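Note that the structure is predicted; figures quoted are calculated from it, not measured.
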Amino acid sequence: MSREPGPVEREVVVVKLGGETLAEQHDTLRGVAELAGEYRLLIVHGGGKRLSDWLDRLGIESRWEAGRRATDDAALEVAVAVLGGLVNKELVASLVGLGVDAVGLSGIDGGLLVAERIAELGRVARITDARPRLLEVLLAAGVVPVVAPLALDESGAICNVNADEVAAGLARALRARLILLSDTDGVRDGDGLRIDRLVAAEAEALIADGWISGGMIPKVRGGLSVLEAGGGAVVIADGRSPDALRRALSDPGFGTRLGLG
């Protein structure tokens, strides 16, 4: 006798959302809610715009290097409050309101993320590994984890981490598909045209030439690292519509798909 597959048997998909206002995320979250019963979804969120706004209000200067925000002790306190508090809980509340069993976490909880300090950027670290056992338990129970980009470094200090790198690290650990949703429709070439499929050698050439820059660098390099680790497909796409996630999962002409060769 056939039966419907339970949550444990559904494919795991890591979805990275930006950290825009809830009004800007509403359509994207509707799409997440619609697919929560078909996939085991894990949400990772950023929060750069919201964090910049709060740092500006407090007179704390923001400085960026290759998609990472330099973070001193004062900026870290704000990052923990905004990313681990405000943005995370707003997203969880919205998903719960859409009927999704969501729970908010950061990379600190349960030692989820393993990170290495980038000393020249202050309280900033890069993801080196992940311990996904806590996530596996939640996903098996049909819960959607929503993870904020914070982690402990090798000394146990709280650090700010790039959300795209967090998403890639979790996708590597879970051998999952990775969907990076943002406010751009994918990676563009030197002529400004969206690239349907981008392989590693082409990506590094575009980075070297400056066509891939800023926050797109950790998206592309993180996505390629998932493929190198044996994870699922990786797509970078525009998330500003209710069907964005579904299209990223099923439509080969939507966004940019990464490949190794």
Item to check | Co-membership, hydrophobic cluster, residues L98 and V32, 4.5 Å side-chain | outcome: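 Same cluster: L98 reaches V32 through Ile, Leu, Val, Met, Phe, Trp or Tyr contacts under 4.5 Å.
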Checklist entry - Is there a path of hydrophobic side-chain contacts, each under 4.5 Å between heavy atoms of I, L, V, M, F, W or Y residues, that connects V124 with L150? => result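 No, separate clusters.
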Item to check | Residues V220, T256; criterion side chain to side chain contact (heavy atoms under 4.5 Å, CB included); working and verdict | outcome: CA-CA 10 Å; V220 170; T256 297; over 6 Å; no
Checklist entry - Checking salt bridge (charged side-chain N to carboxylate O under 4.0 Å, His left out) for the pair D27/R240: CA distance, chi angles, key distance, verdict? => result CA-CA 6 Å; D27 284 345; R240 295 171 294 183; over 6 Å; no
Checklist entry - What do you reckon, is CD of E120 surrounded by more than 12 foreign heavy atoms closer than 6.0 Å? => result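 Yes, enclosed.
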Checklist entry - Has E34 got more than 12 heavy atoms of other residues, nucleotides or ligands less than 6.0 Å from its CD? => result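 Enclosed: over 12 neighbouring heavy atoms sit under 6.0 Å from CD of E34.
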Checklist entry - Do NZ/NE/NH1/NH2 and the carboxylate oxygens of D53 and R50 come within less than 4.0 Å? => result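 Salt bridge between D53 and R50, a charged N being under 4.0 Å from a carboxylate O: no.
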Item to check | D183/K49 salt bridge by N-O under 4.0 Å criterion | outcome: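 Answer for the salt bridge query: yes.
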Could you pull out all donor-acceptor pairs under 3.5 Å where a side-chain atom in residues 221-229 meets a protein atom, sequence neighbours excluded?
unit_1	atom_1	unit_2	atom_2	d
R221	NE	E204	OE2	3.2
R221	NH2	E204	OE1	2.9
S225	OG	R172	NH1	2.6
S225	OG	G222	O	2.6

Distance (rounded to the nearest 0.5 Å) between [X] [atom1] and [Y] [atom2]:
X	Y	atom1	atom2	result
I60	D72	CD1	CG	6.5 Å
T71	L121	OG1	CG	7.5 Å
E11	L174	CD	CG	11.5 Å
D153	N160	CG	CG	12.5 Å

Item to check | Pair L35-L249, side chain to side chain contact (heavy atoms under 4.5 Å, CB included): steps then yes or no | outcome: CA-CA 10 Å; L35 290 177; L249 289 166; 3.8 Å; yes
Checklist entry - Step by step, would you call R188 with M216 a side chain to side chain contact (heavy atoms under 4.5 Å, CB included)? => result CA-CA 10 Å; R188 295 186 174 273; M216 188 59 74; over 6 Å; no
Item to check | Contacts of type side-chain contact (heavy atoms from CB on, under 4.5 Å), residue S213, not counting sequence neighbours | outcome: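 Scan of S213 (side-chain contact (heavy atoms from CB on, under 4.5 Å), adjacent residues dropped) gives none.
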Could you tabulate the donor-acceptor pairs under 3.5 Å formed by side-chain atoms of residues 125-144, not counting sequence neighbours?
unit_1	atom_1	unit_2	atom_2	d
R126	NH1	E116	OE1	3.2
T128	OG1	V114	O	3.2

